[in-house]
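Numbers restart at 1 for each chain; the letters A, B, ... are given by sequence-line order, proteins then strands.
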Amino acid sequence: MPKVKVPRKSTTIDMTAMCDVAFLLLSFFILTTKFKTPDPVQVTTPKSVSTKIVEQENAVLVTMDKEGKVYFSVADENKDQKSELIDMIDQSKALNLTAAEKKAFLAPGNLIGVPFTQLKSYLQLSPEQIKAFKAPGIPVDSANNQLVDWIRAATTAFQGKTMRMFVKGDNDAKYPSFKGIIDALKKNELFKFSMITDPEGVPPGTDLFKRKEAIGAKATDE
Amino acid sequence: MAEMDTSSGGGHKKGPGVKKGKKLSTRVDLTPMVDLGFLLITFFIFTTTMSQPTAMRLFLPKDTEKPEEQNKVKASGALSLILAKDNSIFYYEGELAPDGSNFKSTNFQGIRDIIINKKRSTSPDDFVVVIKPTPDATYKNTVDILDEMTINEVKRYALVDIFDVELQLVKASGK
């Protein structure tokens, strides 16, 4: 009786297709994303349906972390305004900042989150110390709202230019901090500002959805 | 390697003394390349940001002491939303009844229908939404409800301070 030989099949899988897919995805990710910039303060922004992209130039940013602590910063692109701003704060609050301390304020990515009384000692810290430093936040309560002074100095420094006011808040921040920021803006007659959010799709069936459908998904909030 | 040797020992010979040069396969094992590809993909997914942040604009009304400069709101067209603890929302239409009977509670899933219903049942000139976050409301709640205004195309809305009466009602309801 002849033995029936079962042909043995190779277990090798052709990886070419998988390789193609992997590198296709890789190139997609490289081209469509940009590197995360390390944030000095961890903030998870809420989602919204807004489609307006945040612009960096002439931006004044108020950051609010998840404990509701408030930080103030000016875009790194605006060096002149930044130095003007710190001069003004120095004079109005009589802080006697040295040139080195003022220079520390100009450092890129600097977030100020201290009351004026601590500002001088904060600006003396080295970059390593700043990383370990736990900022108490700028006071924004109704009795002592120091953000008002910061924003006033910023509006003066940005005179003649359009200042973009941004508020970047964490999901878990409580409303009173936000209210303090709104109050500070109102006191400076700044009634328009933008809140930084993560994009989110428009829920179908709603009025906005219908309008966007009607004009061909080009609609942006003006 | 993800390859197993299944060849059955050299194959058959043509005859004694016949030596054939071993044919080399032109196939390249791509497994390491795939590994590398996916490793890089994961690296890029974790270190980069996909979407650029967007900005949502908010216009604040000017605070004014003079009553004649204040915007008048027809009570019947107003919908007050009170943002409370744990993502809950309290709302009432028109004016708050003295006994608090029209003070109702909902959440972020249900609020859209309430806004849509109110928008449909009132004339566009009268319709206004008043948003009152309590100190327990989070920033996310505030942004979400403002977003809801955009989604439902509510043209007139205001972010105002909460009244004590409403705060007490919220407290009384256990939230």
Nearest heavy-atom pair of [X] and [Y]: which atoms, and what distance?
X: B:P135; Y: A:P176; value: O-CD, 3.3 Å
X: A:D172; Y: B:T138; value: O-CG2, 3.9 Å
X: B:F38; Y: A:A22; value: CE1-CB, 3.5 Å
X: B:F44; Y: A:L26; value: CD1-CD1, 3.8 Å

Go through it in stages, so that I can follow the logic: the residues are A:Y175 and B:L159, the test is side chain to side chain contact (heavy atoms under 4.5 Å, CB included), and I'd like the CA-CA distance, side-chain angles, deciding distance and then a yes or no. CA-CA 11 Å; A:Y175 181 69; B:L159 199 64; 3.8 Å; yes
Chain A contact via B:L83 - which portion, at a heavy-atom distance below 4.5 Å: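 Neither part.
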Would you mind checking which part of B:T42 comes under 4.5 Å of any heavy atom in chain A, side chain (CB onward), backbone (N, CA, C, O), both or neither?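 Neither part.
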Taking NZ in A:K187 as the centre, count heavy atoms belonging to other residues, nucleotides or ligands within less than 6.0 Å. Is the count above 12?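 Correct, the count exceeds 12.
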4.5 Å side-chain heavy-atom contact, [X] and [Y]:
X: B:L146; Y: A:M195; result: yes
X: A:S50; Y: B:T150; result: no
X: A:F178; Y: B:V143; result: no

Nearest 0.5 angstrom please: [X] [atom1] to [Y] [atom2], how far?
X: B:F43; Y: A:F29; atom1: CZ; atom2: CZ; answer: 13.5 Å
X: B:L36; Y: A:C19; atom1: CG; atom2: SG; answer: 9.0 Å
X: B:I151; Y: A:R211; atom1: CD1; atom2: CZ; answer: 12.5 Å

Please determine, among A:F209, A:F193, A:F23, the option with the most heavy-atom pairs under 4.5 Å with chain B.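 Most pairs with chain B among the choices: A:F193.
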Between A:S177, A:P46, A:G68, which residue shows the highest count of heavy-atom pairs closer than 4.5 Å to chain B?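 Sorted descending by pairs with chain B, the first entry is A:P46.
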Could you tell me whether A:K47 and B:D147 make a salt bridge, using a distance below 4.0 angstrom between a side-chain N and a carboxylate O?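 Result for this pair is no, no salt bridge flagged.
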Using non-hydrogen atoms only, which part of A:D20 is less than 4.5 Å away from chain B: side chain, backbone, both, or neither?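 Contact with chain B is absent: no heavy atom of A:D20 under 4.5 Å.
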So what's closer than 4.5 Å to chain B heavy atoms on A:M64: side chain, backbone, both or neither?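 For A:M64, the contact with chain B is made by the side chain alone.
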How would you list, by chain and number, every residue that makes a side-chain hydrogen bond (donor to acceptor under 3.5 Å, both in side chains) with B:K140, sequence neighbours excluded?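 Applying side-chain hydrogen bond (donor to acceptor under 3.5 Å, both in side chains) to B:K140 gives B:D144.
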Which residue pairs pass the salt bridge (charged side-chain N to carboxylate O under 4.0 Å, His left out) test with at least one member in residues 34-48 of chain B, sequence neighbours excluded?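 Pairs touching residues 34-48 of chain B that pass the test: none.
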